[in-house]
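Below: one structure, written as structure tokens.
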Amino acid sequence: MSRRDRAGNREAAAARRARIDAVLARRSGFAAPATTGAALRFAADYARANLLTYLYEALDAQVADVEVVDYGHDISHRGHRVYETNRERVRRGMALSGTDREPGTLGDLFDAPTGDTRPTHVPGAGLAAETWEGMWPDQWLLDGLEHAHTLAEAVLAGDIGTLEIIAGVPLADAVTDRALVFGDIPNQVLSLAADAFRERLEDHEPAFDPEQSVDMTAPLSALPDLLQAARHEWSGTERLALVIAGLSPIERTTPQC
């Protein structure tokens, strides 16, 4: 690389740093957009549909029992799959979790082992059997879905300035993610919104509680109707929010009993 090229790179880096500093300076006195009731309802609706879908899939998964192994210096719990499904075991009136959950309830399924085993990284306790609760995917994203909805509203309103301040980077410097697609909205704008979403999650206090979203005492026989009722057609703003959060819409289908 020539001396001229190196000088040009330094100048470009300095200009980019100046643009970022200018954006960050605008945070002084900046008030983030208020979270609307629509954003909160969307977050709750999607989280509930996501959780019920997950439980429905777990119902048809293989049963797993927990094997206790005493090594002398520690006691480990290993997951061990057997050749029947959770649904089949429930029909026989058997408990799935071995906890204080009522057999045949959503909570009993949620606490049931998956058959996988993970290291605990705790001295004296080497391995633990995973549960469906412990393996529930995307829970950390669900905690901030109302932010994704708020950012989607800003995108649709063309409020690039708010996105830049929250993301801490100007639109011109947003790293493009070609996987983000929504209508005719420029990819760079979607990438900036996704950066803003991740930035908001850094300061977000997780508040989502599955026990408050779904009645875990409900019988598993009610699961198909609960899932059907939870699914609906997502609005354009809600679909954009899911793109920003890196999630997919949960489509309406008719679950089978």
Side-chain angles (χ1 to χ4, degrees), residues 16-54 136-210 212-214 230-252:
R16 181 175 184 275
R17 183 68 255 173
R19 291 195 299 271
I20 293 175
D21 287 344
V23 167
L24 294 178
R26 284 157 52 199
R27 285 187 175 181
S28 177
F30 169 74
T35 303
T36 63
L40 292 171
R41 285 192 299 274
F42 160 67
D45 288 346
Y46 185 87
R48 182 167 184 263
N50 177 282
L51 179 55
L52 288 168
T53 299
Y54 183 64
W136 185 33
D138 298 325
Q139 184 172 356
W140 72 280
L141 289 175
L142 299 180
D143 276 324
L145 264 183
E146 71 276 13
H147 296 323
H149 191 282
T150 302
L151 294 168
E153 292 173 326
V155 170
L156 293 174
D159 186 0
I160 303 301
T162 291
L163 299 178
E164 289 179 323
I165 295 173
I166 294 174
V169 62
L171 177 63
D173 292 324
V175 178
T176 301
D177 182 351
R178 295 295 178 190
L180 299 175
V181 178
F182 190 84
D184 58 357
I185 296 175
N187 182 264
Q188 201 165 23
V189 172
L190 295 176
S191 299
L192 181 67
D195 286 342
F197 176 66
R198 287 187 288 267
E199 186 72 16
R200 288 294 293 270
L201 283 184
E202 290 289 328
D203 300 324
H204 183 77
E205 283 293 330
F208 183 78
D209 183 356
Q212 293 180 357
S213 178
V214 170
R231 290 174 169 173
H232 65 276
E233 298 300 323
W234 306 102
S235 70
T237 305
E238 291 170 337
R239 286 181 175 271
L240 176 54
L242 293 172
V243 169
I244 292 170
L247 299 172
S248 299
I250 299 172
E251 304 295 347
R252 178 179 286 281

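Residue numbers count from 1 along this sequence. Hydrogens, waters and symmetry mates are skipped; everything else that's a heavy atom, side chains included, is used.
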Exercise for review: Kindly give the heavy-atom pair with the smallest separation between W136 and P210, and that separation in Å.
Suggested key: CZ3-CB, 4.3 Å
Exercise for review: Measure across S213 and A44 and return the closest heavy-atom pair with its distance rounded to 0.1 Å.
Suggested key: OG-O, 4.4 Å
Which side-chain N or O atoms in residues 148-157 pair as donor and acceptor under 3.5 Å with protein atoms at least two apart or in another chain?
residue: T150; atom: OG1; partner: E146; partner atom: O; Å: 3.0

Review point. Can you list the residues that meet the side-chain hydrogen bond (donor to acceptor under 3.5 Å, both in side chains) rule with D195, with sequence neighbours excluded?
Key: R198
Review point. Can you list every side chain to side chain donor-acceptor pair (under 3.5 Å) pair that touches residues 33-45, not counting sequence neighbours?
Key: none
Practice item. Evaluate the side-chain proximity of I160 to L192: yes if any heavy-atom separation is below 4.5 Å, no if none is. Key: yes
Study note, to complete from the structure: With sequence neighbours left out, the residues meeting side-chain hydrogen bond (donor to acceptor under 3.5 Å, both in side chains) with D177 are none
**Study point:** Donor-acceptor contact present, side-chain N187 to main-chain L180, <3.5 Å
**Key:** yes
Review point. After noting the C-alpha distance and the side-chain angles of N50 and L247, does the key distance pass the side chain to side chain contact (heavy atoms under 4.5 Å, CB included) rule?
Key: CA-CA 10 Å; N50 177 282; L247 299 172; 5.9 Å; no
Review point. Once you round to the nearest 0.5 Å, how far does CG of D159 lie from CD of E164?
Key: 9.5 Å
Point to revise | Listed partners of T53 passing side-chain hydrogen bond (donor to acceptor under 3.5 Å, both in side chains), at least two apart | key: R231
Check your understanding: What's the spacing between F42 CZ and L145 CG if we round to 0.5 Å?
Key -> 5.0 Å
Study note, to complete from the structure: Distance col, row S191:OG vs L171:CG, nearest 0.5 angstrom, shows 9.5 Å
Review point. Which atom names give the shortest non-hydrogen contact between I166 and P33, and what distance separates them?
Key: CD1-CD, 4.3 Å
Output side-chain donor-acceptor pairs under 3.5 Å for residues 234-245, partner residues at least two apart or in another chain, one line each.
residue: W234; atom: NE1; partner: I250; partner atom: O; Å: 3.0
residue: S235; atom: OG; partner: E238; partner atom: N; Å: 3.2
residue: S235; atom: OG; partner: E238; partner atom: OE1; Å: 3.4
residue: E238; atom: OE1; partner: S235; partner atom: N; Å: 2.8

